[in-house]
**Q** 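To start, I am sharing the structure in question, which I have written as structure tokens.
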Amino acid sequence: MEKSCLTFGTMNKSIDILKTPIEYLKGVGPKKGDLLRKELNIHTFGDLLYHFPFRYIDRTKFFSIGSLHAQSGTVQLKGVLRRLDIVGEGRRRRMTGRFRDATGAIDLVWFTGIHWLEKALVVGQEYVLFGKVTSFKHKLNIAHPELEAVNANNVKKAATFSPVYPSTEKLTSKGLDAKGQRQLVQVLFEKLQPEHLPENLPRDIIEKYRFPNHFEVLRQIHFPESEREMKMAIARLKYEELFFLQLRLLQLKGRRKAALKGFIFEKVGDNFHRFYKEKLPFDLTNAQKRVVKEIRNDLRKGTQMNRLLQGDVGSGKTIVALLCMLIAMDNGFQSCMMAPTEILAKQHYTSISKYVEGLDIKVDFLSGSIKGKKRKEVLARLESGETQIIIGTHALIEDKVIFNNLGLSITDEQHRFGVAQRARLWKKSKPYPPHVLVMTATPIPRTLAMTLYGDLDVSVIDELPPGRKEVETVHRTEYHRLRVIGFMREQIKKGRQIYVVYPLIEESEKLDLNNLEEGYEALSREFPKPEYQISVVHGKMKAADKEREMQRFVRGETQIMVATTVIEVGVNVPNATVMVIENTERFGLSQLHQLRGRVGRGGEQSYCILMTGYKLSAEGKERIQTMVRTNNGFEIAEADLKLRGPGDIEGTRQSGVLDLKLVDLAKDGKILQAARDAAVEILQKDPEMKQPEHAMVRIFMERYLKPLKGWSLIG
Ligand code: ADP
Ligand code: MG
């Protein structure tokens, strides 16, 4: 009892101080307050406290000016400011200075904030200087150095690390550069007492990792007294960042599950068993078996399934989808399967119809191209319940499409369906929404999936069917062009087909087209009619024309398909064994991987030829080496994450999830896993975190963290 009163007392105090508007901090005021809000999103004392340095200057070392050179980097000097002059006019206006110690002198220059600095700096004064040495016209100088007058205080503190905060030109011009910000944080810490920052992590976690306490850690991330302190502070705050995010994601997931009731598919019956015994043309891989089991468990729980199925191209997602649809059927429900393009939907329709041939199962197809009487018939069969499985495009979610009893919805390629479309689909079944399975062939690194889809159930097919030959991948330049052409001829002679892909440049569709047209003409000379036939598909073509060209290639009437990346998604032409990618350096890794996945779908050895110019950026080289080295989509996704950072990974762009302050998902996978495990354990024991040993976690979340809404619900 007494204890909880105490907590309550400190709680009030900390609400007061951390929620205080930033302008009330000594040295801020309304104008700077506005600037901090606009430029750094700092509204309160608490925001400033969580505005972390992005690096530190080692203040344990002083350099002598005489020893500096162009590669010295960021240095700390002690010396006297000798001169200050304002030179130039208008945009060329700048302030120069000269800084001297016993060993020499160096030029200083400022381009912004001159007005303020001119007043603040004193010629003849002794300063501690931080700055980055650069070489300008063969002379060394330091632009925008930070100068701090030498006094007892900074000399005493010299043996520590000095935080550097992100700044902007506007901030700098108002005295809120790294140094100005550092002073604000110092002022803040003069006000803060340990009781303002009560512990927010459970004791067992703190003990396990020997973390410093909450107050200490926040002081140490701003003002570490040793490298050890700095590292420990960063480690704990990274952990906190992930721990609280995972807790919220998992809580959201739990609450949603409790709220979203679903149909119960109790049994696995005749349709499933007959298919499995009589029709399944191969053994399932262990990964496929595991995933079917996971889905099967979801379907009988009485809550709506929301599951993401990740599996590399060729990993065999279609059969998993079919098995699930058969379970729906066994329980008297209809299923639908949607694909983003007509071609892809048609392919699913064809392969699924073939799988269930001879079984008493009605599979139907619907897309925009099914019109008139035929459409009416499809819709009537669906509404009457005659159709058990329907496969199609977005056309399936139109309001006119009425199901008899939709129980399961499967979509291929998740990022192509929006929130509004999902809502329309959900309205198609009563009283519950259908179970939802979303399949994606874009492998996402585990760390990213745990964050992006942390509130979803995720299944992964991480194993390819046996006997699959790896696509042999090589890097070639113009120099090898003739040999590449010769190789293509050889393959065509063997009866195989070839893709030649050109990049799509968003800024200049015209340039694309030129590129592709030139390429097409060159190829037409090398592969003349009538011996050879070439298909062309690009984004500027009418849908019907595209479709016709694709179909010619699918039917084997053309040997070469010249295309922009429109063929990226899902097309299946098992006879195509060569993928030539032009201007490979313009493609991202995941796109390259998707493209390569178009070949190697039949029994023959397949090849991927990556054509580039002679000059490549370091990153471009790395991408190509990665492609040549591995066929594994998850490995490629990891490499992509390392190269580009999480913000650029496909499908993550719109989601605000990756707004992490300290964590780097490419590097902090271990911390993430540990934090997620801890969060799972707590929620299992104490879902609402009501027990005293978890109360601090709940209080911190309620007070400081905004709830996550509609995070990544799929379907
Ligand atoms: P994706 O995951 O890219 O959609 P598909 O479902 O199209 O992959 O499967 C690719 C190919 O692999 C198909 O021809 C399919 O018949 C075959 N396949 C799927 N599972 C197995 C398996 N367990 N053993 C052998 N072949 C399989
Ligand atoms: Mg597929």
Side-chain angles (χ1 to χ4, degrees), residues 275-295 307-326 335-357 363 389 391-393 409-417 437-444 458-471 499 550 554 567-577 579 590-606 608 631-634 636-637 650:
F275 174 80
Y276 207 95
K277 284 198 201 98
E278 296 171 20
K279 293 283 172 184
L280 191 62
F282 38 69
D283 291 331
L284 292 185
T285 62
N286 287 328
Q288 284 170 319
K289 283 185 196 156
R290 189 188 65 235
V291 169
V292 172
K293 215 180 269 169
E294 285 166 357
I295 295 170
R307 188 171 282 276
L308 181 73
L309 172 56
Q310 277 196 70
D312 214 341
V313 273
S315 61
K317 295 184 289 296
T318 317
I319 199 77
V320 169
L322 174 59
L323 289 168
C324 298
M325 295 195 285
L326 293 175
S335 308
C336 71
M337 183 166 175
M338 280 192 288
T341 65
E342 168 117 22
I343 295 172
L344 207 56
K346 217 28 184 286
Q347 281 187 348
H348 279 316
Y349 175 69
T350 312
S351 55
I352 287 193
S353 301
K354 213 184 283 163
Y355 277 133
V356 301
E357 215 169 10
V363 183
I389 292 176
I391 296 170
T393 59
S409 149
I410 301 180
T411 60
D412 205 1
E413 291 303 330
Q414 122 268 356
H415 49 274
R416 313 217 172 206
F417 286 97
L437 180 69
V438 171
M439 307 194 294
T440 169
T442 312
I444 297 170
V458 179
S459 290
V460 181
I461 306 186
D462 49 6
E463 181 187 356
L464 291 183
R468 212 45 83 68
K469 292 193 185 83
E470 293 227 322
V471 178
Y499 294 103
M550 282 300 302
V554 171
I567 60 152
E568 189 184 333
V569 177
V571 211
N572 191 19
V573 181
N575 191 46
T577 55
M579 168 65 63
S590 72
Q591 222 180 358
L592 289 172
H593 180 63
Q594 289 289 314
L595 284 171
R596 181 168 58 184
R598 300 302 108 218
V599 296
R601 313 201 120 217
E604 305 302 332
Q605 176 63 52
S606 293
C608 178
N631 269 263
N632 181 323
F634 285 93
I636 288 170
E650 203 145 335

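Counting convention: from 1, in listed order, for ligands and their atoms alike. In what follows, residues are counted from 1 in the order of the sequence shown.
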**Q** Are any of the side-chain heavy atoms of Thr411 and Val438 separated by less than 4.5 Å?
**A**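 With C-beta onward as the side chain, the pair touches.
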**Q** Just to be sure I understand the cut-off, which residues have at least one non-hydrogen atom under 4.0 angstrom from an atom of ligand 1?
**A**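 Residues Phe282, Asp283, Leu284, Thr285, Gln288, Asp312, Val313, Gly314, Ser315, Gly316, Lys317, Thr318, Tyr355, Pro465, Arg468, Arg601 each place a heavy atom under 4.0 Å from ligand 1, listed by chain and number.
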**Q** Is there a side-chain contact between Leu326 and Tyr276 (heavy atoms, below 4.5 Å)?
**A**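 With C-beta onward as the side chain, the pair stays apart.
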**Q** Find out whether Ile352 and Met337 are in side-chain contact, i.e. whether some heavy atom of one side chain is under 4.5 Å from a heavy atom of the other.
**A**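 Answer yes - side chains close enough.
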**Q** Ignoring hydrogens, what is the shortest heavy-atom contact between Leu309 and Val320? Give both atom names and the distance.
**A**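 It is CD2-CG1, 4.0 Å.
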**Q** For Asn575, check side-chain hydrogen bond (donor to acceptor under 3.5 Å, both in side chains) against everything at least two apart and list the hits.
**A**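 Expected list: Gln497.
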**Q** Are the side chains of Ile636 and Arg596 in touch, meaning some heavy atoms are under 4.5 Å apart?
**A**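 Answer yes - side chains close enough.
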